[in-house]
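Here is the structure we will look at.
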Number of protein chains: 2
Amino acid sequence: MSIEDSIIEDGSGREPLVPKAVVSRLSLYLRELQHLSRSEQKTISSSKLGRALGFTAAQVRKDFAYFGQFGYPGIGYRCDELIEQIKKILGTNKTWPVVLVGCGNMGQALLGYRGFAKQGFDVVAVVDVDKGVLGKTYQGLVVDHIDLLPEIVKRHSLRVAILAVPATAAADAADQILKSGITGILNFAPVTLNVPKNVSLIEVDLAMELEQLAFSVFQKNQGQ
Amino acid sequence: MSIEDSIIEDGSGREPLVPKAVVSRLSLYLRELQHLSRSEQKTISSSKLGRALGFTAAQVRKDFAYFGQFGYPGIGYRCDELIEQIKKILGTNKTWPVVLVGCGNMGQALLGYRGFAKQGFDVVAVVDVDKGVLGKTYQGLVVDHIDLLPEIVKRHSLRVAILAVPATAAADAADQILKSGITGILNFAPVTLNVPKNVSLIEVDLAMELEQLAFSVFQKNQGQ
DNA sequence: GCGTGTGAACACATTCACAGCA
DNA sequence: TGCTGTGAATGTGTTCACACGC
């Protein structure tokens with residue numbers, strides 16, 4: 001079974017094949033493996049990798065098994081090899097150009113964030129509507145008007161956008177993003193966006209994450 | 001069944017009772033309900049609420065049923081009432097003081113983020129180790145040295161911290177946070193933290209989110 | 001009629017346990 | 001012996017379908 005057929009479609013129009021939960025763990029495995037690789041660790045077993053991340057060994061093996069056979073019995077997995085495989089699966093073995101929509105507080109922080117580049121993402125353009133930032137340069141990028149998005153998308157063959165505008169502006173900005181031909185949005189605005197189902201959407205709501213944390217703390221102390 | 005017994009412990013030492021997935025949807029419901037409430041919407045049915053968020057009506061009803069009976073047959077749920085109930089469940093009906101650890105790029109953006117206050121969180125202190133920011137004032141808060149954390153925690157009765165330092169500094173910072181008596185960490189550093197199991201931990205890795213988005217886009221286009 | 005609350009049925013995800021390979 | 005890959009068993013979460021209340 002090759003990687004290509006193993007993912008997504010099975011030709012019959014049915015959906016999943018690879019559970020969503022597995023894919024999200026893939027990113028965690030990748031992060032940990034890169035960490036190990038930097039510490040000169042050549043191979044790792046499913047049990048050790050699992051222990052490091054809080055999963056069982058069986059789960060680690062089964063997760064990888066969705067995509068092929070990457071391990072060596074008696075040895076484990078070769079870190080560098082597995083890193084390449086996971087990147088290939090995620091599609092991040094090649095760099096993705098990205099446009100940032102919204103250059104306020106959060107947008108500027110994201111622009112300065114080194115972690116994106118490290119994982120194969122390159123912010124190549126920034127747009128906004130606010131005259132306060134239009135034309136200014138941040139991290140070497142001049143902020144363009146959002147109306148130029150279709151052109152920018154075409155020029156850089158963009159497929160994904162990071163949306164980091166205030167909640168009130170999010171729906172409009174999302175509309176413009178969709179019209180520009182982009183098919184993936186990482187949304188930081190605390191608003192539920194409705195996108196056609198051929199467009200991918202990931203929502204990150206910082207306040208929601210804090211709420212989840214609060215609940216967990218609250219609960220452990222029996223509500224006090 | 002009162003709310004208090006319904007959550008967490010059943011006295012036997014067994015764990016879940018309320019699935020984690022349910023709790024994370026609770027935050028989404030809350031956000032949507034607050035949105036509806038602001039648009040003067042008095043009541044909402046499980047089917048409409050579900051449609052707005054992409055869930056089935058049954059799931060919405062079952063989620064709430066974990067915590068009690070909040071709906072009115074033939075009517076639906078009263079928005080304001082449900083908002084209060086969810087806040088009570090999450091523990092955010094009272095404001096949570098929070099300390100920010102790390103005042104770089106990301107930390108400063110989080111400090112300026114209005115969304116936290118809106119959901120009942122108040123950043124009351126900021127600490128760092130970098131001389132470049134120590135003593136400076138951001139959003140009305142003076143940046144203290146991280147060594148002062150135990151004192152700060154006591155003074156404000158803090159229970160949760162937001163960790164926003166570079167990956168290389170994360171483990172040390174986390175140690176100091178744990179020693180200060182804090183029992184909940186929202187970690188933005190792309191590093192797996194190991195914390196005792198009485199401490200709650202939520203990890204937000206921005207690059208991982210982009211990876212997940214990339215995979216989803218990649219997949220939909222059959223890998224091209 | 002409309003809409004909740006909920007046991008029962010179903011689908012999905014995780015863990016177990018073992019055959020097989022280095 | 002150490003460790004992978006995987007069917008079978010278990011466990012968890014979601015959806016169905018219907019009794020009941022407004």
Side-chain angles (χ1 to χ4, degrees), chain A residues 1-3 6 8 10 12 14-29 33 36 41-79 81-82 85-86 89 212, chain B residues 1-3 6-8 10 12 14-29 33 36 41-79 81-82 85-86 89:
Chain A
M1 180 161 85
S2 81
I3 292 173
S6 73
I8 328 182
D10 62 355
S12 73
R14 276 180 288 110
E15 286 287 306
L17 284 208
V18 178
K20 217 179 139 189
V22 171
V23 180
S24 77
R25 284 194 295 270
L26 239 37
S27 283
L28 277 169
Y29 296 136
L33 287 163
L36 290 167
Q41 185 94 200
K42 294 300 176 206
T43 67
I44 183 131
S45 65
S46 59
S47 61
K48 282 188 187 140
L49 183 53
R51 187 143 0 103
L53 295 168
F55 309 138
T56 66
Q59 178 153 74
V60 173
R61 293 198 299 276
K62 185 140 275 199
D63 283 351
F64 294 144
Y66 278 101
F67 305 98
Q69 308 196 162
F70 307 136
Y72 301 87
I75 308 280
Y77 301 86
R78 301 200 203 288
C79 295
E81 208 173 293
L82 192 47
Q85 290 289 358
I86 296 177
I89 294 164
Q212 296 292 308
Chain B
M1 180 160 87
S2 82
I3 292 172
S6 72
I7 317 181
I8 328 182
D10 61 356
S12 74
R14 277 179 290 110
E15 286 286 305
L17 284 207
V18 178
K20 217 179 139 190
V22 172
V23 181
S24 76
R25 284 194 296 270
L26 239 36
S27 283
L28 278 169
Y29 295 136
L33 287 163
L36 289 168
Q41 185 94 198
K42 293 302 175 202
T43 67
I44 184 133
S45 66
S46 59
S47 61
K48 281 189 190 139
L49 183 53
R51 186 146 359 104
L53 295 168
F55 309 138
T56 65
Q59 178 152 73
V60 173
R61 293 199 299 275
K62 185 140 275 197
D63 283 350
F64 294 144
Y66 278 101
F67 305 98
Q69 308 195 164
F70 307 136
Y72 300 88
I75 308 282
Y77 301 87
R78 302 199 201 287
C79 296
E81 210 173 291
L82 192 48
Q85 292 288 357
I86 295 178
I89 294 164

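So that the names make sense, note that chain A is the first sequence line, chain B the second, and so on, each numbered from 1. Fair warning: this is a prediction, and the values are worked out from it, not measured in the lab.
Put simply, CZ on B:F67 is 17 Å from P on C:dT4, counting in whole angstrom units. Atom CD of A:Q69 and atom C1' of D:dG5 are 6 Å apart (whole Å). The distance from atom OH of A:Y29 to atom C1' of D:dT4 is 14 Å, rounded to the nearest whole Å. Atom-to-atom, OH of B:Y72 to C1' of D:dG21 comes out at 13 Å; the value is rounded to the nearest Å. Atom-to-atom, CG of A:D63 to P of C:dC12 comes out at 17 Å; the value is rounded to the nearest Å.
DNA chain C lies under 4.0 Å from at least one heavy atom of each of the following residues of residues 20-28 of chain A: A:R25. Contacts of residues 41-52 of chain B with DNA chain D (heavy atom under 4.0 Å): none.
Using a 4.0 Å heavy-atom distance criterion, B:F64 is classed as making no nucleic acid contact. Within the 4.0 angstrom heavy-atom criterion, only backbone atoms of the sugar-phosphate kind lie near A:G71; the bases stay farther away.
Atom OH in B:Y29 sits 8.5 Å away from atom CD1 in B:I86 (nearest 0.5 Å). Remark: B:T43 OG1 to B:I75 CD1 distance equals 6.5 Å, nearest 0.5 Å.
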Under 3.5 Å, which protein N or O atoms sit close to an N or O of nucleotides 15-18 of chain C? Give each pair with its distance.
unit_1	atom_1	unit_2	atom_2	d
C:dT15	OP2	A:T56	OG1	3.1
C:dT15	O4	A:K62	NZ	3.3
C:dA17	N6	A:R61	NH2	3.4

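Listed by chain and residue number, nothing satisfies the salt bridge (Lys or Arg N to Asp or Glu O under 4.0 Å) test with B:R61 (two or more places apart in sequence, or in another chain). Legend: residues meeting salt bridge (Lys or Arg N to Asp or Glu O under 4.0 Å) with B:R78, ordered by chain and number and at least two apart, are B:E81. Qualifying ring-ring contact (aromatic ring centres under 6.0 Å, His included) partners for B:Y77, counting only residues two or more places apart in sequence or in other chains: B:F64.
When all heavy atoms are compared, the tightest approach of A:S46 to A:V60 is O-CG2, 3.8 Å. When all heavy atoms are compared, the tightest approach of B:P73 to B:G71 is CD-O, 4.0 Å.
Not one side-chain nitrogen or oxygen of A:Y66 sits closer than 4.0 Å to the OP1 or OP2 atom of C:dA13.
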Tabulate below the donor-acceptor pairs under 3.5 Å that side-chain atoms of residues 47-58 of chain A make, not counting sequence neighbours, or state none.
unit_1	atom_1	unit_2	atom_2	d
A:S47	OG	A:S45	OG	3.2
A:T56	OG1	A:Q59	N	3.2

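B:F67 is listed as a side-chain neighbour of B:V22, based on a closest heavy-atom distance under 4.5 Å.
For residues 65-77 of chain B, there are no salt bridge (Lys or Arg N to Asp or Glu O under 4.0 Å) pairs, not counting sequence neighbours.
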